[in-house]
Amino acid sequence: MQVGTVGADEIVGTVDNARTRKRDSMFLSAQLRIGGEGPTHEVRVRNLSAGGLMAELDCTVEPGTPVALAMRGLGDMTGSVAWCTHGRLGIALDRPIDPARARKPVGLGPSTPEFAKPLVGRTPRR
């Protein structure tokens with residue numbers, strides 16, 4: 001039985017599993033490896049919280065199956081399938097993440113290494 005609704009800035013709650021983490025609705029891609037081996041699947045992440053995510057996937061995966069993910073801004077993550085239905089699956093992450101990092105622009109900020117910055121206006125080192 002659902003107590004709350006899912007939205008970009010709403011709290012989610014269910015009587016059965018007491019989920020109360022804030023979820024951000026989004027549309028990002030990630031690389032998913034099922035069971036830690038085999039091919040990598042490109043998935044679309046539809047919502048993300050500190051403890052998990054929901055993604056679109058065109059195959060069925062048994063709950064409890066370990067997975068590995070790579071996502072821009074968040075890097076490599078591991079977790080397990082919490083549920084899977086109708087082309088979507090929920091993943092419970094092994095470690096909490098900061099969902100805001102997935103929304104940061106690519107290539108901006110202090111984390112860009114000096115060697116990766118364009119040479120425009122700089123003299124190359126010898």
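Since the model is a prediction, treat every value here as computed from it, not as a measurement. In what follows, every heavy atom counts, from backbone to side chain, and hydrogens, waters and symmetry copies are set aside.
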Nearest-0.5 Å distance that lies between atom [atom1] in [X] and atom [atom2] in [Y]:
X: His86; Y: Thr60; atom1: NE2; atom2: OG1; result: 10.0 Å
X: Arg44; Y: Arg88; atom1: CZ; atom2: CZ; result: 9.5 Å
X: Ile97; Y: Ser49; atom1: CD1; atom2: OG; result: 7.0 Å
X: Leu32; Y: Met77; atom1: CG; atom2: CE; result: 9.5 Å

Where is the tightest heavy-atom contact between [X] and [Y], given as atom of each residue plus distance?
X: Ala50; Y: Leu93; answer: O-CD1, 4.3 Å
X: Val45; Y: Ala30; answer: CG2-CB, 3.9 Å
X: Leu74; Y: Asp98; answer: CD2-O, 3.4 Å
X: Gly64; Y: Ser80; answer: O-CB, 4.1 Å
X: Asp76; Y: Ala70; answer: OD1-CB, 3.5 Å

Return yes if some donor-acceptor pair links the side-chain N/O of Arg46 with the main-chain N/O of Met54 below 3.5 Å, else return no. no

Does [X] reach the side chain of [Y], with side-chain heavy atoms less than 4.5 Å apart?
X: His41; Y: Gln31; value: no
X: Thr65; Y: Cys84; value: no
X: Met71; Y: Leu48; value: yes

The side-chain contact (heavy atoms from CB on, under 4.5 Å) partner of Leu53 among Leu69, Val43, Leu89 is Leu69

